[in-house]
Structure formats: C-alpha cells, structure tokens
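One structure below.
When a residue number appears, it is its place in the shown sequence, counting from 1.
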Amino acid sequence: MDRLEIVDITSGMVTDTLRPAHEPALSPSTQNPFVGGNPAQPPILAGTGAQRRVVTAFAATAPGKGTTPPRPVIEILAVDAGTGREAQRIEIEPSDEDQHELTRKHPVVVGASGPVVVAQVGTDTVAVNLDDRREIWRRPDFALGAVAGNVAVGTDAKAAVARALAIESGAERWRTEPAGTITIKPGSAKIVTATGASQGRKQFFRLLDAATGRMLDESTATSSTAYNITCLHDGRSVTICQDQRQDWAGAFDDSGKWLWELPDKEANRVAPTVTTAWHGAVYGRTANGPVILDARTGEDRETAPGLTPWLVNEHAAVASPADASGGVKLYRATG
C-alpha cells in the first residue's frame with residue numbers, strides 16, 4: 001500500500017524498502033478496518049532473464065505549488081529482480097472519474113507481456129511501457145480480470161460482456177456474447193476462467209482460450225454459489241482450482257482438459273484446502289493435517305509434510321509454524 005519491501009529469502013531480513021515518491025494516498029487502516037480487509041495485492045514479475053522486473057503500483061498525492069492544488073497520481077514502480085534496485089518509476093494520471101474511486105481502492109498491476117504492464121486504476125484499465133516510461137493505452141470502465149499471453153482479458157463495467165485487448169495496442173481481439181453476469185479470473189498463460197450466469201440465469205464456469213476466446217470447457221449449475229472458484233497455476237503446466245467453501249478442488253492442464261477433482265466418494269477422499277502450488281506439487285491441508293498432492297494426478301504425494309506453505313519456490317517456503325505459535329516463518333526448500 002505505501003511501500004515495497006525486499007526480503008532476503010536466505011535470512012528473512014528486509015534488505016531494502018522502496019516507497020512512493022509522493023505522499024501515499026491510501027493505507028490499509030483507512031480503507032477497511034476489519035480483520036482480513038487488507039486489499040493490498042502482491043507485485044508481479046515482468047520480463048525474462050536479465051530483464052526481469054518486479055512491478056507494483058501506488059496511489060499517491062503530488063504536492064501543490066503556488067495556485068495549483070495537490071493532485072492524485074498513480075506511481076508505477078519497477079525494481080530489478082536481481083539487484084533489488086529501482087529500475088523505473090512512471091507517473092500516470094487517473095481520470096476524473098477514477099479520482100474518487102482511488103480514495104477507496106488501491107491500483108493493482110495485474111500482469112505483463114514483455115516491457116508492457118497492465119494495471120487496474122480505479123475503473124480504468126491502463127497499459128504502461130516500462131522501457132518507454134509512458135502510458136500507451138487506456139480502456140475506461142473495464143474491469144481487468146487476467147493477463148494471459150499477449151492479451152488483457154476483462155469485462156465491461158456496464159454490460160456483461162468479456163473482451164480480450166491486445167497488450168501492445170489495446171485493440172480488441174475477441175469478445176463473448178452478452179450474459180446475465182460474467183467475471184474473468186486468471187487460469188494459466190493460455191487460459192482464462194469465466195464465471196457467471198447466462199441470460200436464462202443458469203450458472204456457468206468456463207475455460208476460455210485466451211488467444212481466441214474459444215470455449216474449451218463448460219460446467220453449468222442451478223445454484224448461484226456453485227462456481228465461486230479461484231484458480232492458480234503451478235508454474236509449469238497445471239492449474240489448480242478451489243471453490244470458496246473449500247469443499248471442492250480440481251485441476252486442468254494447459255489444453256483445458258480436466259485432470260482430476262476432489263472429493264471422490266468412490267475412493268473415500270476429501271478435497272484439501274489448497275494454499276499454493278509449485279512445479280507439479282499442490283500444497284494444502286485437511287482435517288488430518290498438511291498434505292501434498294501430485295498436481296497432474298491429484299494423488300497424495302506426501303501425507304505428513306509437517307507444514308502447509310502459503311508461498312513456495314525452488315529456494316524456500318513461507319508457512320505458519322507447526323507449533324501454532326503464530327505469525328509466519330521462512331523455511332529452506334528441501335526437494
């Protein structure tokens with residue numbers, strides 16, 4: 001919200017803190033005082049190889065001068081992923097309509113393709129070229145749901161239509177037929193998920209090809225809460241999904257083919273509460289404690305791993321201690 005902290009994963013120490021150049025316009029306590037109400041979102045990783053950058057956004061207030069009053073600005077901050085040093089800082093102007101929205105909602109960088117990052121700024125979707133240090137296009141009244149490949153996919157604010165916009169230009173690549181309601185969420189680098197209701201009010205959960213908009217799979221139901229589903233990619237080839245009630249989990253591959261679902265009554269297996277996934281492993285817990293599943297088969301890979309990580313990569317995992325002492329700790333990866 002008001003800073004980006006750089007943490008050494010070998011020690012857990014904060015090695016540097018980067019803040020907006022101007023006074024932060026928002027803080028968690030002023031937005032939502034309730035437990036669990038922190039709306040801050042993690043930064044995203046843009047670029048590849050030596051050009052990898054960690055990118056986030058701040059809402060700030062530039063000071064007034066003379067007869068000019070203070071003005072709201074959005075700061076896009078890019079940090080070199082290898083050194084932790086500031087690489088770019090770009091200011092963009094919120095629209096007049098967004099200035100009120102940004103008093104309640106933090107701007108979020110959703111994804112990137114090459115040097116172009118795409119962010120939700122109030123009710124607008126905005127694309128910024130980091131190398132050129134400038135805004136390259138803006139789509140008003142567009143709720144950005146996911147960035148996949150070279151398209152930004154979202155929904156119109158005033159119509160239940162999903163659209164894909166070319167990241168380099170903002171040009172429309174495809175759109176869906178109007179629905180009763182529709183929400184776009186991330187799936188993988190090739191797939192986005194669409195949840196909503198048809199104009200006949202039947203609920204749906206769809207896997208859409210991000211490049212073409214082609215429907216790869218569809219599930220339908222009559223319950224209005226059937227498909228409150230969030231998915232995450234394992235960084236390799238499998239996307240794992242979980243419903244809000246945490247009583248169902250499933251996975252599909254990069255072609256949109258479902259690989260497995262839990263619970264499985266015939267096998268007497270329940271769905272875990274999924275916390276994260278990484279390179280073929282799904283981490284979570286059941287009433288029996290922490291568990292690791294094979295991402296492609298859904299089978300138990302390890303039934304007593306000791307911890308349920310919230311974040312994991314090839315170097316380390318962030319997890320709550322097994323002794324329930326509170327907080328989170330950093331653990332070295334062992335396999």
- Using a distance-only test with no angle check, is there a side-chain donor-acceptor pair under 3.5 angstrom linking S237 and R296? yes
- Query: Distance only, no hydrogens: is a donor on one side chain within 3.5 Å (strictly under) of an acceptor on the other, for W248 and Q242?
  - Reply: no
- Atom of P305, atom of P290 and distance for their closest heavy-atom approach: CD-O, 3.2 Å
- Task: Could you check if a side-chain atom of D234 sits within less than 4.5 angstrom of a side-chain atom of T239, using non-hydrogen atoms only?
- Result: no
- Task: Tell me, with the steps shown, if R53 and D131 meet salt bridge (Lys or Arg N to Asp or Glu O under 4.0 Å).
- Result: CA-CA 11 Å; R53 289 164 282 192; D131 291 345; 3.0 Å; yes
- Heavy-atom closest contact (A78 atom, V55 atom, distance): CB-CG2, 4.1 Å
- Message: Between R3 and T17, is there a side-chain donor-acceptor contact under 3.5 Å, judged purely by atom types and distance?
- Response: no
- Might you point out which heavy atoms bring P43 and T56 nearest each other, and give the distance in Å? CB-CB, 4.0 Å
- Can F142 and D124 be said to form a side chain to side chain contact (heavy atoms under 4.5 Å, CB included), step by step? CA-CA 6 Å; F142 190 75; D124 292 355; over 6 Å; no
- Item | Stepwise salt bridge (Lys or Arg N to Asp or Glu O under 4.0 Å) check, D254 with K190 | CA-CA 7 Å; D254 283 348; K190 299 178 180 179; 5.1 Å; no
- Task: Could you walk me through whether D80 and R85 pass the salt bridge (Lys or Arg N to Asp or Glu O under 4.0 Å) test, one step at a time?
- Result: CA-CA 5 Å; D80 186 289; R85 297 191 181 119; over 6 Å; no
- Would you please name every residue forming a salt bridge (charged side-chain N to carboxylate O under 4.0 Å, His left out) with D300, sequence neighbours left out? R269
- Task: Over all heavy atoms of both residues, which pair between V328 and P321 is shortest? Give the atoms and the distance, please.
- Result: CA-CD, 4.4 Å
- Go through the steps for I167 and V118 under the test side chain to side chain contact (heavy atoms under 4.5 Å, CB included), then give the verdict. CA-CA 8 Å; I167 288 181; V118 191; 4.1 Å; yes
- Message: Under a plain distance cut-off of 3.5 Å, with no hydrogens placed, do E314 and H279 share a side-chain donor-acceptor pair?
- Response: no
- Message: Consider side chain to side chain contact (heavy atoms under 4.5 Å, CB included). Of L144, V117, T125, I44, which one does V110 pass it with?
- Response: L144
- Task: Could you tell me which residues satisfy salt bridge (charged side-chain N to carboxylate O under 4.0 Å, His left out) with E172, sequence neighbours excluded, listed by chain and number?
- Result: R163, R175
- Quick note, salt bridge (Lys or Arg N to Asp or Glu O under 4.0 Å) partners involving residues 200-210, not counting sequence neighbours, are R206-E218
- Item | Criterion side chain to side chain contact (heavy atoms under 4.5 Å, CB included) on I136 and V128, from CA distance to verdict | CA-CA 6 Å; I136 58 174; V128 173; over 6 Å; no
- Query: Going by the angle between their ring planes, with limits at 30° and 60°, are W258 and F205 parallel, tilted or perpendicular?
  - Reply: tilted
